[in-house]
Number of protein chains: 2
Amino acid sequence: MPPKSDKRERLLKAARRLIHQQGFQRTTLADIAEQSGVPLGNVYYYFRTKDEIVRAVIEDRTQRFLALAEGWEQDPDPGKRLHCFLEMPVSIDRSIAAHGCPVGSLSQELSKKGDGHAELAGQTLRAQLDWVTEQFRLLGRADAELLGHQFIATLQGSSLLANTLNRPEVLIEQVERLKQWVQSFSAGEKGGKTT
Amino acid sequence: MPPKSDKRERLLKAARRLIHQQGFQRTTLADIAEQSGVPLGNVYYYFRTKDEIVRAVIEDRTQRFLALAEGWEQDPDPGKRLHCFLEMPVSIDRSIAAHGCPVGSLSQELSKKGDGHAELAGQTLRAQLDWVTEQFRLLGRADAELLGHQFIATLQGSSLLANTLNRPEVLIEQVERLKQWVQSFSAGEKGGKTT
DNA sequence: GTCTATATGTTGATAGAC
DNA sequence: GTCTATCAACATATAGAC
């Protein structure tokens, strides 16, 4: 049978990139259509509204993260899993310095939209937080939730700072610090540092 | 002499609030005009363009911070000064949970605008970072810059997380942790924890 | 200095031919 | 399923009377 049109996929990919670079609101349907090689009017065959597009982008991002996490769970050591997680921002540090964290910046933008988007907006970040917290729990920490907040907050804050200062090294430097911090949980008998 | 019209001031105040709540782009000049009790067309007597408004808002925020910092510097102990800084997010935690950090969220939004706004966008955050770093330096830390990044990144990340989860406690909890962390620098003879 | 009316451009969305 | 043409709404900015 003939291969189904990949137009929806192309639209989604272009939307993902453009929304990260320009933000959701600045990104027009014309932008997405052009970058996908799809005529403007035809976009509406695949997505009813612009909001449907951002919803699809967010759910795509969440699924991609969950797929990555499933791969990391091959390793039985939660400390090493967290280490894998920390490789993620490192690999796209320049992109983050240029446009911020694709997950966090979108979450913030949509939180200001007021609609029912608040729920959807944080879906991916929430999935990351839940997964990270679970790893700390598996490491035997009773304060896993606090540590999860600290872990994700540091990443998000470093991304924002690297973006604002246009200095990728700031993100790298904080990620390296987090790596050592995480390792102190695996190695230490008394259970790592609380700060 | 008769008091000068306070229209410019009213416009600035409304812009400051609306930009925090809705973001810069979603906030229309009509919004600002209405909330200020100033007719739409008259806005242009006080500000040439919409960009001029956001510039004024950012510079206003920077000046307000510098004025606060000057007050804190009455205290000779840099550790206590940092403690004062940390009272700031605590006092507006609900506002941050609802709309994010007014400084950080605007910085991220403008960084996606592409113009020469990148410079201006981070002005306030940069001022905060510089001030905090200076306090760590005064505490005798050679790694003051790193600690400054860690300090600001934690605040920004916690604000984003509190906003995404709609849970002010997340910000409070991390601020309390930072307070203890800062205190460990003042009290400890060996110079505090590096994590 | 202040305000009304409006020009100008852009964007999300639709109609309807093929 | 695909595409062109276009509508309707909105937002920034200006013109010009008072």
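Lettering follows sequence order; numbering is per chain, from 1.
Looking at A:Arg126 and A:Glu119, no side-chain N of the basic residue comes within less than 4.0 Å of a carboxylate O on the acidic one, giving no salt bridge.
In this structure, the side chain of A:Glu109 engages the main chain of A:Phe24 through a donor-acceptor pair within 3.5 Å. Judged by distance alone, the side chain of A:Asp115 and the main-chain N or O of A:His117 form no donor-acceptor pair under 3.5 Å. Judged by distance alone, the side chain of B:Arg16 and the main-chain N or O of B:Val57 form no donor-acceptor pair under 3.5 Å.
Side-chain contact between B:Val43 and B:Ile32 is absent, with no heavy atoms from C-beta onward closer than 4.5 Å.
For DNA chain D, the span of nucleotides reached by chain B at under 4.0 Å from its heavy atoms goes, 5' to 3', from D:dA11 to D:dT14.
With B:Pro168 as the partner, the side chain to side chain contact (heavy atoms under 4.5 Å, CB included) test is satisfied by one option alone out of B:Asp93, B:Val90, B:Asn163, B:Ile96: B:Asp93.
Residues forming a side chain to side chain contact (heavy atoms under 4.5 Å, CB included) with B:Thr164 (at least two apart in sequence, or on another chain): A:Ser107, A:Leu125, B:Leu160. With sequence neighbours excluded, the residues that form a salt bridge (Lys or Arg N to Asp or Glu O under 4.0 Å) with B:Glu52 are B:Arg55. For B:His99, the ring pair (Phe, Tyr, Trp, His ring centres under 6.0 Å) criterion is met by B:His20, not counting sequence neighbours.
Residues from residues 20-40 of chain B with heavy atoms under 4.0 angstrom of DNA chain C, sorted by number: B:Pro39. Applying a 4.0 Å cut-off to non-hydrogen atoms, the residues of residues 42-51 of chain B that approach DNA chain D are B:Tyr44, B:Thr49, B:Lys50, listed by residue number.
Residue A:Glu169 places its CD atom among more than 12 non-hydrogen atoms of other residues, nucleotides or ligands, all under 6.0 Å distant.
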